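Side chains are part of it too, since the values below use all heavy atoms of this structure and drop only hydrogens, waters and symmetry mates. Remember, predicted model here, so these are calculated numbers, not experimental data.
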Amino acid sequence: MGVEIREVTSKKELKKFVKFNIELYKGNPYHVPGLIEEEMVTLDKKKNPAFEVCDAIYFLAYKDGKVVGRIAGMVNRRSNETWNQKRARFGFVDFIDDVEVVDALFNAVEKWAREQGMAEIHGPMGFTDMDHEGMLIEGFDQLGTMATIYNYPYYPKQMERMGYTKDQDWHEFKIYIPEGVPEKHLRIGEIVKKKYGLKVMKFKNAKAIMPYAQKVFQTLNESYAPLYGFARLTQKQIDFYLATYIPMLRYDLVTLIVREEDDVVVGFGISLPNLSKAMQKAKGHLFPFGWIYLLKALKSKPKVIDLYLTGVLPEYQSKGVNALLFNDLIPVYKSVGAVYAESNPELETNNAVQAQWDYFKREHHKTRRAFIKQL
């Protein structure tokens, strides 16, 4: 039998779409499964506020009556307006190593993209910059993180075979925690605090951080604006992410840099204990026992820290604000016994971000790519 492509039109089919990723990577020691419940919400056109500015379609590939691939097609209208482009996105893509399956999936999503009037398609991308993006092209023997995609080595080979080419790469680093804060950072931090009237803020609970939560996303919108494919988050999207992520915060691993005169959040560093092993144990399910693994990991003394979100207002970038974040967080990381931090993806063209690691022992251990094709 040949390959049959079916559009996902029901909740039952959407669950198959989500679970296929977990089934395809069952037993793989490097893959970190997402939570089925969370991904169902992300893909639900009635629940995810990204659909204020996005259109999407989901396809499943069947062969011999069995699901053998999945792909989502998306158009972020706001991103296209921001960058003056006519680009569709593909994402949430997984497939067995079968030319017929891969071609059928991408033919379906490319046809849909042309019907939307798009001139190009790129990915893997999500609805927004808060979703997973970038196909792994190096580092297949490295454990994934909660914030990234893991894929088999045959994926990028299939992309190249179909005529997709590099559009953008992201690098990821292991940054080893030093014994103490570098002297230069301590000195710069004190100068920056006095010169710009800044203060370092820490929090103990959700109630304390909530007055600053919206401001963090305002800063994120400003600081991420020049980054690849980024479109400013709407207020509904911000509220959605706050409801999703505030309960997950580990407050000793969160630092805000605030301007004293008006309480503007100039910079933020949000990190988490690495949850990869806990997510593997949960196997995609929060209930009945998955939440126990995650809660235990969140409260642990982690060997690995995930640098989840960092941002600095454009007018303060390259002025030493990052030193204030390091000065506060390095002693915290040492106190919990962390050995290294996972940077998560950083654009290879973002020299300023990668230069901040020059004072630390680091290892470039993963690279991921956004592929593009003219339609």
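Taking the six-membered ring for Trp, Phe140 and His31 have ring centres at least 6.0 Å apart. Outside the 6.0 Å centre-distance limit, the rings of Tyr359 and Phe326 are not counted as a close aromatic pair. Taking the six-membered ring where the residue is Trp, the centroids of Tyr251 and Phe203 are separated by 6.0 Å or more. A distance below 6.0 Å separates the ring centres of Tyr316 and Tyr196.
Under the 4.0 Å criterion applied to side-chain N and carboxylate O atoms, Arg368 and Glu172 are assigned as salt-bridge partners. Salt bridge Asp252/Lys202: absent, no basic N to carboxylate O contact under 4.0 Å.
Of the options Tyr228, Phe90, Phe371, a ring pair (Phe, Tyr, Trp, His ring centres under 6.0 Å) to His122 is made by Tyr228 and by none of the others.
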TODO: Report the C-alpha separation of Tyr176 and Glu363 in whole Å, then their side-chain angles, then the decisive distance to 0.1 Å, and conclude whether the side chain to side chain donor-acceptor pair (under 3.5 Å) test is met.
DONE: CA-CA 8 Å; Tyr176 291 88; Glu363 176 190 341; 3.3 Å; yes
- [ ] Take Glu342 and Lys174 through the salt bridge (charged side-chain N to carboxylate O under 4.0 Å, His left out) test and state the conclusion after the steps.
- [x] CA-CA 5 Å; Glu342 285 270 3; Lys174 285 181 181 178; 5.8 Å; no
- [ ] List the steps and the verdict of side chain to side chain donor-acceptor pair (under 3.5 Å) for Thr148 and Thr145.
- [x] CA-CA 5 Å; Thr148 59; Thr145 68; 2.9 Å; yes
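Checked by atom type, the side-chain pair Asp239/Gln214 shows a donor-acceptor distance below 3.5 Å.
Both tests pass for Lys45 against the ring of Tyr58: distance under 6.0 Å to the centre and angle within 45° of the axis.
Summarising the local packing, NZ of Lys47 is surrounded by 12 or fewer heavy atoms from other residues, nucleotides or ligands at distances under 6.0 Å.
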